[in-house]
Amino acid sequence: MRTPLLSIGHEPLALDSLIAAVSDRGAATGSDGAVTSFLGLVRNHNVGRAVTHLEYEAYEALALRSFERIVTEAEARWSGVRLAIHHRIGRIDIGGASVAIAAASAHRGDAFAACRYAIERIKQIAPIWKREFFDGGDVWIEGATADPDDVAARERAERVACA
Amino acid sequence: MRTPLLSIGHEPLALDSLIAAVSDRGAATGSDGAVTSFLGLVRNHNVGRAVTHLEYEAYEALALRSFERIVTEAEARWSGVRLAIHHRIGRIDIGGASVAIAAASAHRGDAFAACRYAIERIKQIAPIWKREFFDGGDVWIEGATADPDDVAARERAERVACA
Amino acid sequence: MRVTVRLFARLRDIAGAAELVRDVPAGATIGTVWAELTREFPDMADYAKSMSVALNADYARMEHAISDGDDVAFLPPVSGGEGTGIPL
Amino acid sequence: MRVTVRLFARLRDIAGAAELVRDVPAGATIGTVWAELTREFPDMADYAKSMSVALNADYARMEHAISDGDDVAFLPPVSGGEGTGIPL
């Protein structure tokens with residue numbers, strides 16, 4: 001079964017399958033010079049707290065649409081780039097990967113930029129939340145107000161991606 | 001057998017083993033938030049030529065020392081970053097990976113920057129050459145004069161890594 | 001009109017439910033649903049400024065009119081991506 | 001003094017050998033070895049400006065003095081990394 005480019009699920013992430021997914025898409029075969037990837041891992045500490053594990057929750061249908069939007073934005077910005085984004089939900093222990101991204105392109109600069117852009121945008125607009133369990137309690141981590149039409153946020157992501 | 005952080009060899013590259021190698025090094029376990037990676041692939045065309053395959057050749061002892069130097073530079077620049085670099089030599093067909101890099105760090109910005117820096121520096125100073133075989137002939141691809149003490153080149157790599 | 005209300009993360013915790021079914025008057029907007037909710041669960045009011053809303057699994061605005069059978073979601077600030085969400 | 005000369009890529013092609021053993025006079029530098037080589041293989045002279053040199057598997061300069069048993073390498077411009085070396 002071919003790995004989907006975009007997915008959300010409880011299973012551990014397998015970066016190899018994302019890389020295969022962005023590398024074997026039709027006409028682009030053989031023209032790619034670079035594949036970059038990103039794995040986001042659960043860390044054992046956060047703002048001074050000893051973290052034991054995280055639990056991720058997603059509004060799955062909207063999260064997949066957000067990933068589609070991010071891919072569309074990246075393809076428009078970096079021509080010929082292909083992206084795969086898989087996000088894990090449920091309990092993830094320390095060292096486990098919560099998100100995996102792969103980006104393929106003819107040129108390495110575009111592959112790096114698109115990969116970085118994708119993680120920045122995921123953090124801005126994907127309806128995914130994490131609950132942090134630490135020694136002594138737990139807390140919902142709340143970051144940005146998700147607004148895909150926020151132009152300033154999008155420009156910030158582009159700037160960080162430094163294409 | 002534990003995967004070495006740095007290697008040069010004829011075997012196909014296995015990115016998973018590089019990621020495992022940077023992720024499980026001692027005291028850092030659990031403190032990493034991000035692992036980035038880069039795969040350089042053999043493309044089917046170059047400056048208008050239809051490429052059939054490449055052959056890579058290395059001065060292996062010096063190339064490994066160059067990788068060590070790149071790691072030292074990156075660790076000095078991005079504190080706490082760990083890098084793995086594997087370069088393949090010999091014949092590599094279209095779509096095959098010639099170089100694999102993995103970078104682990106507490107923060108994603110550092111992991112992206114160190115990974116990008118590593119590939120830029122490899123292209124500047126690693127004594128590795130490629131011979132391109134295309135329809136109608138073959139040619140040695142010659143890029144930069146390798147000079148690890150060239151400060152301008154190093155600064156260029158840092159700038160591209162955009163830390 | 002009857003709508004399904006979806007709640008996530010701490011909003012779900014406050015309501016004690018991930019999904020609620022509520023009746024709303026004709027001409028209601030997402031804002032109408034929200035106003036009802038905060039009367040029922042006053043702790044939710046803290047999120048008035050920071051949350052996002054979605055209508056039938058697409059981001060929407062509070063002013064958006066809703067129809068019978070719609071699916072309305074209220075979303076606390078998001079924190080997907082890697083580990084502990086440290087910026088950069 | 002006797003030194004081993006290592007050649008790579010097109011320099012190896014020009015010489016038709018990856019390794020040569022050559023005798024050099026006392027006080028010789030890497031530059032002395034290179035001058036000898038280009039007399040033997042004139043096509044190599046094109047690389048005088050663009051190549052790098054290494055002494056015992058470490059980058060070095062042409063002025064570097066060599067000792068008996070040293071290993072001297074001449075390196076054409078490099079092109080490692082990904083695929084076809086397109087910048088950026």
Side-chain angles (χ1 to χ4, degrees), chain A residues 8 38-47 49 51 54-67 69 85 87-89 92 94-101 118-132 134 139-150 160, chain C residues 3-21 29-31 33-34 37-38 41 43-64 66 69-88:
Chain A
I8 294 173
F38 174 79
L39 282 175
L41 307 180
V42 173
R43 298 172 59 195
N44 59 8
H45 65 277
N46 186 31
V47 289
R49 296 188 293 263
V51 177
L54 297 182
E55 272 184 24
Y56 282 83
E57 171 179 333
Y59 184 4
E60 296 190 34
L62 182 56
L64 286 172
R65 283 191 179 171
S66 302
F67 292 172
R69 175 189 285 261
I85 303 171
H87 206 298
R88 190 175 172 193
I89 53 175
I92 310 183
I94 305 303
S98 53
V99 59
I101 303 168
I119 181 61
E120 300 302 323
R121 287 296 273 162
I122 288 167
K123 295 182 74 68
Q124 290 177 350
I125 68 167
I128 300 174
W129 300 269
K130 57 184 166 240
R131 186 173 199 146
E132 180 186 295
F134 54 89
V139 62
W140 282 105
I141 306 290
E142 295 181 347
T145 298
D147 179 3
D149 298 325
D150 180 342
V160 169
Chain C
V3 297
T4 301
V5 176
R6 288 179 193 270
L7 299 168
F8 293 90
R10 208 166 87 76
L11 288 175
R12 179 170 51 70
D13 285 355
I14 292 171
E19 268 186 52
L20 303 169
V21 175
T29 63
I30 295 175
V33 180
W34 174 248
L37 262 188
T38 53
F41 306 106
D43 286 355
M44 287 193 186
D46 294 348
Y47 285 89
K49 289 253 186 305
S50 63
M51 72 176 179
S52 305
V53 297
L55 182 64
N56 300 324
D58 250 333
Y59 281 111
R61 302 281 171 195
M62 284 294 230
E63 307 74 48
H64 211 108
I66 54 179
D70 271 353
D71 190 310
V72 178
F74 296 101
L75 317 172
V78 299
S79 59
E82 83 265 47
T84 40
I86 305 259
L88 296 192

What's the separation between atom [atom1] in [X] and atom [atom2] in [Y], rounded to the nearest 0.5 Å?
X	Y	atom1	atom2	answer
A/Leu62	C/Tyr59	CG	OH	4.5 Å
A/Tyr59	C/Asp71	OH	CG	4.5 Å
C/Ser79	A/Arg131	OG	CZ	12.0 Å

For the student: nearest non-hydrogen atoms of [X] and [Y], plus distance:
X	Y	value
C/Met51	A/Thr145	O-CG2, 3.7 Å
C/Val78	A/Lys123	CG2-O, 3.4 Å
C/Ala9	A/Glu57	N-OE2, 2.9 Å

Quiz item: Relative to chain A, which of C/Ala57, C/Ala54, C/Ala73, C/Ala18 shows the most heavy atom pairs under 4.5 Å?
Solution: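 Highest number of pairs under 4.5 Å: C/Ala57.
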
Given heavy-atom pairs under 4.5 angstrom as the criterion, report whether the side chain, backbone, both or neither of [X] touches chain C.
X	answer
A/Glu60	neither
A/Ala126	backbone
A/Ala58	backbone

Quiz item: Which of the residues A/Asp147, A/Leu64, A/Asp149, A/Ile85 is involved in the greatest number of heavy-atom pairs with chain C at under 4.5 angstrom?
Solution: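 Option with the greatest count: A/Asp147.
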
Self-check item: Engaged part of C/Asn56 at the chain A interface, taking heavy atoms whose separation is under 4.5 Å
Solution: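 For C/Asn56, the contact with chain A is made by the backbone alone.
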
Is any side-chain heavy atom of [X] less than 4.5 Å from a side-chain heavy atom of [Y]?
X	Y	result
C/Phe8	A/Pro127	no
C/Arg10	A/Val139	no
A/Trp129	C/Arg12	no

